[in-house]
Colleague: 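Sharing a structure with you now.
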Amino acid sequence: MAASDEGEPTAEELLAMLIEGGVLAEREPDAFVTTDDYDATRGIYHDTYTTVSKGEFHESVADVFGLEDRETAAERVAALSVTRAEFVAYLAIDSELDWSPAPATLARMARVVDGVGPGTPVPDGVVELDDESYRGFVEANERAIVTVWKRHCDPCEAMKSELGEILDAIPEPVAVGGLDGEQCAEFRRAYDIDAAPAMVLFEDGEFREGFTGRATAERVAAACAEVYGS
């Protein structure tokens, strides 16, 4: 793969490398998504690094980049505004490619891929939320349910196939939202959600009940009756 005159690949060359390496796919002209193979690899690193403490995260950065200690890593992370998602993408891309780019090139690839991402696992029929918006959603609705979804999740897919019946089992006027569990570590930590699918019930902005695992219409109706009395 050719590079620019300065030795570093251009943006177009980075995209070509990522497509050739099976990390990205062009869904339509100038519209890219991450591949299923890459997403599966990324999921392994995501589960490892998104919930560890800051100290453990900085220790991992120090190990990967050969830095002196976690304090040095913390300074480098802050100076370069490196996110955990970018670090996960860096490791996943390096693992997925059958060749090893220079660290600077790999870091640029990580930023490109972090900005692409796959489609959302949240199904149509529920309001899509994230760590920034879920709190406003549950506070704006007297009664609200937040569902948690994940890609490559058989129980999630089974629930989606029955989503109409599940939504019909939820009494009005309960608002229903959904979020990508892999992207919303803050929500999962706040309500102790360690698997998908999951449902978290709120009333008057306050947490009332949460459960994980495939939910049938009957299970959802029973939870709503217990929490909301209907």
Side-chain angles (χ1 to χ4, degrees), residues 22-23 25 27 33-52 84-85 88-89 91-92 95-96 113-114 116-135 137-138 141 143-172 174-203 207-228 230:
V23 174
R27 181 64 56 82
V33 294
T34 50
T35 65
D36 288 345
D37 285 347
Y38 168 78
D39 288 337
T41 301
R42 175 192 165 279
I44 296 171
Y45 288 107
H46 176 277
D47 291 346
T48 300
Y49 292 108
T50 55
T51 57
V52 298
R84 295 191 185 208
V88 164
L91 296 174
S95 178
E96 193 69 17
V113 173
D114 184 52
V116 177
T120 178
V122 178
D124 294 337
V126 298
V127 179
E128 186 169 357
L129 306 170
D130 57 25
D131 272 342
E132 301 299 322
S133 61
Y134 83 83
R135 174 50 58 186
F137 178 79
V138 301
N141 294 281
R143 295 175 173 180
I145 296 176
V146 177
T147 54
V148 181
W149 308 87
K150 184 179 179 181
R151 299 173 190 85
H152 313 296
C153 166
D154 290 341
C156 295
E157 295 305 316
M159 271 189 64
K160 289 178 184 179
S161 70
E162 301 171 354
L163 187 62
E165 293 86 347
I166 291 171
L167 293 178
D168 287 343
I170 298 173
E172 295 184 359
V174 179
V176 183
L179 48 77
D180 180 347
E182 290 186 306
Q183 299 296 323
C184 299
E186 176 185 318
F187 179 90
R188 291 190 293 106
R189 284 194 297 266
Y191 302 104
D192 196 26
I193 298 299
D194 59 2
M199 302 189 80
V200 183
L201 285 69
F202 296 86
E203 187 171 30
F207 168 82
R208 294 293 304 278
E209 181 181 336
F211 58 88
T212 60
R214 178 180 174 182
T216 63
E218 292 76 12
R219 185 180 185 187
V220 172
C224 289
E226 180 179 349
V227 172
Y228 304 129
S230 61

Colleague: Quick one, Asp180 with Arg151, criterion salt bridge (Lys or Arg N to Asp or Glu O under 4.0 Å). Give me CA distance, side-chain angles, the key distance, then yes/no.
Modeller: CA-CA 8 Å; Asp180 180 347; Arg151 299 173 190 85; 2.8 Å; yes

Colleague: Which heavy atom of Ala198 sits nearest to which heavy atom of Ala195, and what is that distance?
Modeller: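 Of all heavy-atom pairs spanning Ala198 and Ala195, the closest is CB-O, 3.7 Å.
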
Colleague: Take Tyr191 and Val146, measure what side-chain contact (heavy atoms from CB on, under 4.5 Å) needs, and give me the verdict at the end.
Modeller: CA-CA 11 Å; Tyr191 302 104; Val146 177; over 6 Å; no

Colleague: Looking only at heavy atoms, which two atoms of Arg84 and Val52 are closest? And how far apart?
Modeller: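 What the structure gives for the nearest pair is NH1-O, 2.6 Å.
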
Colleague: Looking at CD1 of Ile145 and CD of Glu209, how far apart are the two atoms once the value is rounded to the nearest 0.5 Å?
Modeller: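 Reported to 0.5 Å precision, the distance equals 9.5 Å.
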
Colleague: Under 6.0 Å from the NZ atom of Lys160, do we count more than 12 heavy atoms belonging to anything else shown?
Modeller: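 More than 12 within 6.0 Å, yes.
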
Colleague: Between Asn141 (side chain) and Ala144 (backbone), is there a donor-acceptor pair under 3.5 Å?
Modeller: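 Such a contact is absent between Asn141 side chain and Ala144 backbone.
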
Colleague: Donor-acceptor pair, distance only, cut-off 3.5 Å: does the side chain of Thr212 make one with the backbone of Ile193?
Modeller: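 Here the side-chain-to-backbone pair does not exist.
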
Colleague: Is the side chain of Thr41 donor-acceptor paired with the backbone N or O of Ala92 at a distance under 3.5 Å, no angle test?
Modeller: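 Not a single qualifying donor-acceptor pair exists.
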
Colleague: Are side-chain heavy atoms of Val200 and Phe211 found at a separation under 4.5 Å?
Modeller: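 The answer is no; the side chains never approach within 4.5 Å.
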
Colleague: Establish, yes or no, whether a centroid distance under 6.0 Å links the rings of Tyr228 and Phe202.
Modeller: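 No - the distance between ring centres of Tyr228 and Phe202 does not fall below the 6.0 Å cut-off.
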
Colleague: Looking only at non-hydrogen atoms, find the nearest pair between Trp149 and Pro121 and report the distance.
Modeller: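 Minimum heavy-atom separation between Trp149 and Pro121: CB-O, 3.8 Å.
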
Colleague: Calculate, to the nearest 0.5 Å, the distance between atoms OG1 and CD belonging to Thr216 and Glu165 respectively.
Modeller: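 Rounded to the nearest 0.5 Å, the OG1-CD separation comes out at 10.5 Å.
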
Colleague: Please give me the minimum heavy-atom distance between Pro197 and Pro155, naming the atom from each residue.
Modeller: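 Looks like CD-CB, 3.6 Å.
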
Colleague: Can you list everything that forms a salt bridge (charged side-chain N to carboxylate O under 4.0 Å, His left out) with Arg189? Sequence neighbours excluded, please.
Modeller: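 Arg189: no salt bridge (charged side-chain N to carboxylate O under 4.0 Å, His left out) contacts found.
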
Colleague: Test of understanding: with salt bridge (charged side-chain N to carboxylate O under 4.0 Å, His left out), list the residues that count as partners of Glu162, not counting sequence neighbours.
Modeller: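 Applying salt bridge (charged side-chain N to carboxylate O under 4.0 Å, His left out) to Glu162 gives Arg214.
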
Colleague: Going from CZ on Phe137 to CG on Leu129, what distance comes out if it is rounded to the nearest 0.5 angstrom?
Modeller: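 Separation between the atoms: 5.5 Å.
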
Colleague: Closer than 3.5 angstrom, by distance alone: can the side chain of Thr50 be matched with the main-chain N or O of Asp47 as a donor-acceptor pair?
Modeller: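 No, because the side chain of Thr50 does not come within donor-acceptor range (under 3.5 Å) of the backbone of Asp47.
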
Colleague: Report the C-alpha separation of Leu167 and Val126 in whole Å, then their side-chain angles, then the decisive distance to 0.1 Å, and conclude whether the side-chain contact (heavy atoms from CB on, under 4.5 Å) test is met.
Modeller: CA-CA 9 Å; Leu167 293 178; Val126 298; 4.2 Å; yes

